[in-house]
Each structure stands twice: as C-alpha cells, then as structure tokens.
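For reference, the structure discussed in these notes is given below.
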Amino acid sequence: MRLSHYLLATLREDPKEAEVVSHRLMLRAGMIRQLASGIYDLLPTGTRVLRRVEQIVREEMNRAGALEVILPVVQPAELWQESGRWDKFGPELLRLKDRHGRDFVLGPTHEEVIVDLVRRDVSSYRQLPLNLYQIHTKFRDEVRPRFGLMRGREFVMKDAYSFHTDDASLDETYQRMYDAYGRIFDRCGLDWRAVEADTGAIGGSASHEFMVLADSGEDEILFCTTCSYAANVERAEFRREASDEVPPAAEMPEQVATPGQKAIEDVAAYLHLEPRRLIKSLVFETPDGLVMGCVRGDRDIEPARLRAALGTAWLELADPERVTDVFGVEPGYLGPVRKPEAVRLVCDPDAMRMHDAATGANATEAHLLHVEPTRDFTPDLIAEIAGARKGDGCPRCSGVLDSARGIEVGHIFRLGSAYAEAMNLRVQDADGKEVTATMGCYGIGIGRTAAAAIEQNHDERGIIWPAPLAPFAVAVVPLDLRNDALCAAAGGLYDALLGAGIDACIDDRNERPGVKLSDIELIGIPIRVVFGRRSFERGVVEITTRRDGETIEAPVDGAVEAVRTLLSSGR
RNA sequence: CGGGGUGUAGCUCAGACUGGUAGAGCGCUGCGUUCGGGACGCAGAGGCCGGAGGUUCAAGUCCUCUCACCCCGACCA
C-alpha cells in the first residue's frame, strides 16, 4: 500500500471523548470513528486489524472442525417468542417493526436462528456432532456503551454453536473449543487466562471466560498463586475456615436500640462487636419475589452467586421503598429473624455456623443480640453466596487467592438442552428414538480482542501491535522525496517485499520526516525501514523494530532478507 | 433510570458572567523556501455557534423546550 493513496486519518491531538488507552489510540491511529453512542465506523487501518483477528479465529475454528455460516442480523420475533427470550431479554434487545408491522429484533446473539436452522436440516444422530460458527455483526442496546470497541452496541463477534446427542460429545467439543481459544489468543500475542465463569443470562451448566489481563479490564478475576484454579469473581469460591470459637447463646434474642446505626461497621462499633459477629442481610428483587441473602458481617454477598444459587434469570438489590413496604422498617435494620413469610431466605454456610450473633431486628432503629442460626431462623436455602476476595484461601489447594483485572475476550458455555427443548430440536438416535439435542456455544469478541491487544501493547508513542495483528508488517519510509535514487531504491524494496509475500506499505507522502516517523509509530507497524540520505549514500538502510526501538543497518540489497529474518524471529 | 458536564471551523479549544459585524492553535488549498523526529514565509478556503421557540432595536451570549454526546452513579443495609 502506498500511503499517498491511503486514508491514514491519524490525529495529532487526543480526542476528548476517549478514556481508556485502546479507545484513544484507535481514534488517533485512524482505526475508528464514532458515528453514534457505541457505534463506530471502521477506517482502513481498523478494518485491516479486525480482518487479521478474524482470520486467525477463522483458521483455528476451521482447524477445530467448525463450519462457517452467515446468519441474518435481522431476525423474526417469532423465534424469540418461541425460546421465551422475547420476554426475558429486556431492553438490551433492540426490537423493530417492518413495513407490515411485523416484529423483528436485531440479533444480540444467534441461538434461536441456529437452532431453527439445525432443526430443519438435521434429523439423525448420524449428522451430529455439528459445530457451526459465523463472524458477524451483533447489536446489543447496552445501558452504557463505553471504551470504544471494548463495549460498543454494534460489534463484531465470532459465535459458534455445537449440537450433540449426548453430554460426552458436548464435553469433547467444549474441550476442543477451549484448546482452540488458547491457540487463538496465543497467536494474537496476548497475555490471557481462562477462568471459570458465571453463565449469566445465556444459561447452561458450565462455562469458561478467556480474559486478557489488563488493569482497565471490566472484570475482576481471582486465581490461586499455587495451583491452576482461576475464576471470575462472580463465581469464585474460597476455602472456608473453621468457625470462630464462640459458645452458643443460652439466652433468647434480645432487642437493643441502635439509633442511626445502619452500616455493619457502624453497628459493630456501636455494639462493641467485631463485624464478623454480625449477620449481614440484604434483600433482592427477583422474578419470583423478594429474597433475603445473609452472610457473615465481614463478607459481602456476591449477587451473581446468589442468582446462580436461586437459578433465577436476574436479580437486583431491592428498592428501599419496596423493602420498607414489606418489612415495615427501612433497610439497615433487617435480619433473618421474624422476617416476613413472603420473603425467601438464603444463607451462606459461614453465617449458619455462627453463634451468639447480632442482626437487624426488623424493627425501627433496633438490632438483635444472641441470635442462634437454626434455633432462631430457618433458611429456605443454604448456599455459598459470599464473594471471594484477594487473600482468601484457594478452594482447591492450600494456596492463597490473588486478584487481577481482565478483559473478557472469549466465553464458552455448555448450554445443555434448554434451547433445543424450548424450540423442539429433536433427532433420532441409533435406536430410532427421538432425543433432544444438547448444545454448546462459544463466543469471541473480535473488536474487543483488538482493543485488548492495544491495552497490553502500547507506549507513549502509540500502539505496538503484536506482529500477527498489525495492519502492515513493514513500513518502508523514504525520508527525502526529492532524492530520486533514494526513492527508486525505496520503491524497489517495497516491491520486493510485496513480491516476497510480506504485507508492506511505503510512506511516500510528501510529509516532513518527523510526521512520517511518528505516524508509523502511532499506528504501531512492527518493522520500519528508513531510507535516509546519509545512510543511503553509504548504501545502507536502517531497520527499526517498534517494540524495542532497536535499529540495525542492512545493505539496500540485503534489506528483504534482513526484514524476513526479523519477521521470523517473532518481533 | 438518577446526577453532573459539554455542544462554536476537520481536530483541540477561547468568546457567554457584562447582548453590539465569528476567533486562536493545529489541520486543509496555492506559491516559494526547507527536508533525519510533528518546519518557515506569503496568499487563501472553511462556521445555520447542535435544533426549535421566545425576550430584545440587536442573541454564540439571556429565557424555555428539545436533541446529541461524555462522565459518575444505580444503593453491601
């Protein structure tokens, strides 16, 4: 590519809307432009990078035996009504009508469409397992789009769906995808980690997220420093310690006034108790009514763990007014003892092991002392709902958990048969009996992967692309366009590089040297070959690697070989 | 959804409090000089001051409404 005929579109100044590094650099490097909130144009450079990611994904998916398809973005509402998600999905699902008034959605994901496709064309176990994928645009009407391509509303995703007649086959494909994802993110040059994950709204029995480690990541992950355990904080378990040596309370609960004391810390100080001697109670709204969750006072409830324990589609902290209506007292004085019948109670096992505890009294400005779990209240469910934290013990070994932030670039799920059941996807097995298929689904955010790569690879001058993602492998930069011999030699090298199958560009723009050099650095091209007057008169060019900034000289004749050597060395 | 903020040239921003002919830097066009780290001179182009309504002799500026975008929050009791 001759940059004189290219739309480089670099910006000298920082665009004001960009918060995080990858967003700022994508704008400055001329990769993207915002069209509306969470919706972006991809410019030539951005398009090249996304195509690189896509190609790596495509090759590894094909290698893993998946078949590429292209499914519609606009999907009829009927399919979503059939799966039940028309009602469940909420405002993230963008709904629209065609000219006849028929309902459609912009696909935020493609389970419905793919199940419909497979149920029409697959009828025998002999046709399974099957793994279909696409690399396509999705639309989710995010509450708050931000960080450029990291959390947009319209975005490119690779999504794959596998179909099986039994769990063993599903497990095999799941593992195959797990391995393929590892190869993909390795090939992208990323520092990543696979973690156990909450299955969230998509559902299913198990899942892993692939996290690119970065401080700007939106997720917190916990991992053991000695064994291989790693999990999203939404799911992470921790080792339960022996309970405190507190004797059971002989006396019955005693109500004490705690005027103005609502937060655990304040109540504990007021009552001269350690926070871990209190039971923390929070009330959540769920599709099936209010639920109270209880944990020991020194811990927090992890809403995703509570949601998973209940098996509900969603859950959120109840509105204070709603709580006051139902409990007759405002939040801050709530507890599991003598709570309203209609509110279900879920207790963390550590809370159940407590003795002589203090809790809210469900009475105005009052708490209870000498509370004995089991004797004084009975939970509907005992489940681990406390969130794990850095410093907690590893649940799998004697190690300790550490935490890090990550960008979720991939997510794989064992879906099970929920969608196949709702949409009646059945095939005949070897005995001629009809069985419901079981499914897996596997996603990768293409744009997000590119953004994550920038988060991990940049400096004050701009992007430092891992070579496999770079928009160009090499930039040839003739500094002085008036020097015909120099330009001819640079053009010759450019042609030779292309001839050798190397994706080169030549900066033949009539710009000052400083402009050219800083643009090439900004957009992060891994190798730069400079033709300057002084070195050219000595018959050499200067070859600089973006990542370490080191420059070597090579004879003009030997430049192709020198570049090839650098490329194969992986820099 | 709640709170805050910003909309003026392609980009980054002044101008608004105190109403009176639309500004700067960078970028862009032409000519000349320059040419190894974001050059210099001269001459230019470029704006429905987000939109609508109002107040006024007069509105980028004051008032009302509206739209867009950005940030923070959405409750650990």
Side-chain angles (χ1 to χ4, degrees), chain A residues 7-20 23-24 27-28 30 33-39 90-91 143-148 258 260-268 275 278-285 292-303 305-306 316-324 327 329-336 339 348 358-362 364-367 385-387 389 461-462 477-483 486-487 507 509-522 528 530-537 541-542 544 549 551:
Chain A
L7 184 60
L8 201 57
T10 52
L11 300 177
R12 183 172 295 201
E13 296 182 74
D14 276 337
K16 62 174 175 180
E17 72 264 27
E19 268 310 277
V20 298
H23 187 195
R24 201 178 75 228
L27 287 163
R28 279 199 59 203
R33 289 290 183 266
Q34 178 168 303
L35 181 62
S37 182
I39 299 176
V143 194
R144 196 174 155 210
R146 59 185 133 181
F147 306 154
T258 49
Q261 310 301 315
K262 293 176 151 192
I264 287 284
E265 291 290 321
D266 299 338
V267 176
L278 275 62
I279 295 173
K280 181 185 285 187
S281 313
L282 280 96
V283 178
F284 294 84
E285 190 88 58
M292 173 180 276
C294 288
V295 295
R296 210 171 62 193
D298 61 331
R299 304 216 67 107
D300 292 331
I301 291 176
E302 172 51 54
R305 294 194 80 185
L306 176 58
E316 59 189 25
L317 211 53
D319 191 74
E321 282 142 45
R322 175 108 159 92
V323 171
T324 307
F327 282 77
V329 57
E330 61 182 307
Y333 306 101
L334 306 181
K339 62 159 181 60
D348 188 83
T359 77
N362 296 326
T364 304
E365 309 211 308
H367 281 74
I385 58 173
R389 297 186 288 234
R461 294 184 176 198
V477 188
L479 290 182
D480 186 356
L481 293 189
R482 299 167 313 167
N483 186 328
L486 183 149
C487 285
D507 194 351
R509 296 177 299 162
N510 186 16
E511 287 288 351
R512 313 259 322 161
V515 173
K516 294 188 183 194
L517 296 175
S518 49
D519 272 348
I520 296 301
E521 283 163 352
L522 174 61
R528 182 181 81 191
V530 168
F531 283 74
R533 184 173 53 82
R534 288 196 296 269
S535 48
F536 183 63
E537 279 169 0
V541 294
E542 292 158 27
T544 306
T551 298

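Protein chains get the first letters and strands the later ones, always in sequence-line order, with residue 1 at the start of each.
- Ion pairing of K262(A) with E330(A) is present here, as a side-chain N (NZ or NE/NH1/NH2) and a carboxylate O approach within less than 4.0 Å.
- Annotation: of the two residues near RNA chain B, P303(A) and H23(A), the 5′-most nearest-nucleotide partner is H23(A).
- With rounding to whole Å, I39(A) atom CD1 is found 13 Å from A68(B) atom C1'.
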Contact letters for nucleotides 24-32 of chain B, in which S counts primed atoms plus P, OP1 and OP2 and B counts the base, heavy atoms under 4.0 Å
-BSS-----

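- Within 4.0 Å (heavy atoms only), R461(A) reaches at least one base atom of the nucleic acid.
- Of the side-chain N and O atoms in Q34(A), one or more sit less than 4.0 angstrom from OP1 or OP2 of C70(B).
- The residue V295(A) sits apart from the nucleic acid: no heavy atom pair falls under 4.0 Å.
- Protein atom CD of E316(A) is 15 Å distant from nucleotide atom P of C1(B), rounded to whole Å.
- When both pairing distances are held under 3.5 Å, C75(B) makes no Watson-Crick or G-U pair with any nucleotide shown.
- Here C71(B) presents its C1' atom at 12 Å from NZ of K16(A), a figure rounded to the nearest Å.
- Of the listed nucleotides (U34(B), C75(B), C70(B)), C70(B) has the atom at the smallest distance from the side chain of S37(A).
- The listed nucleotides are C69(B), U12(B), C76(B); the one nearest the side chain of A36(A) is C69(B).
- Classification of E19(A) and R146(A) as a salt-bridged pair fails, no side-chain N sitting under 4.0 Å from a carboxylate O.
- Nearest heavy-atom pair across F284(A) and L317(A) is CE2-CD1, 3.4 Å.
- Between A74(B), G38(B), C76(B), one nucleotide has an atom nearer to the side chain of R28(A) than all others, and that is G38(B).
- Rounded to a whole Å, the NZ atom of K516(A) is 10 Å from the C1' atom of C35(B).
- With both pairing distances under 3.5 Å, G10(B) is matched to C26(B) as a Watson-Crick or G-U wobble pair.
- As the counterpart of G41(B), C31(B) is assigned, both hydrogen-bonding distances of the Watson-Crick or G-U wobble pattern falling under 3.5 Å.
- Contact detail for I385(A) and R305(A): the closest heavy-atom pair is CA-CB, 4.0 Å.
- Partner assigned to C65(B) is G51(B), using Watson-Crick or G-U wobble distances below 3.5 angstrom.
- Across all non-hydrogen atoms, the minimal contact from E265(A) to P275(A) is OE2-CG, 3.9 Å.
- Residues satisfying the side-chain hydrogen bond (donor to acceptor under 3.5 Å, both in side chains) test with R482(A), not counting sequence neighbours, are D480(A).
- Among the atoms of the strands shown, base atoms are found under 4.0 Å from some heavy atom of L517(A).
- Salt-bridge annotation for D300(A) and K280(A): present, with a side-chain N of the basic residue lying under 4.0 Å from a carboxylate O of the acidic one.
- Here C71(B) is the nucleotide among C76(B), U34(B), C71(B) with the atom lying nearest to any side-chain atom of E19(A).
- Rounded to whole angstrom, the span from the CG atom of D300(A) across to the P atom of C76(B) amounts to 9 Å.
- Looking at which nucleotide of RNA chain B each of R528(A) and I264(A) is closest to, the 5′-most match is held by R528(A).
- The existence of a salt bridge linking E521(A) and R528(A) is confirmed by a sub-4.0 Å separation between a basic side-chain nitrogen and an acidic carboxylate oxygen.
- Counting distance only, with no hydrogens placed and no angle test, the side-chain atoms of E521(A) and the base atoms of G38(B) include no donor-acceptor pair under 3.5 Å.
- The side chain of E17(A) lies closest to U12(B), out of U12(B), U34(B), C76(B).
- Of the candidates C71(B), A39(B), G37(B), the closest approach to any side-chain atom of R146(A) belongs to C71(B).
- Nucleic acid contact for K262(A): sugar-phosphate only, since backbone atoms but no base atoms lie under 4.0 Å from a heavy atom of the residue.
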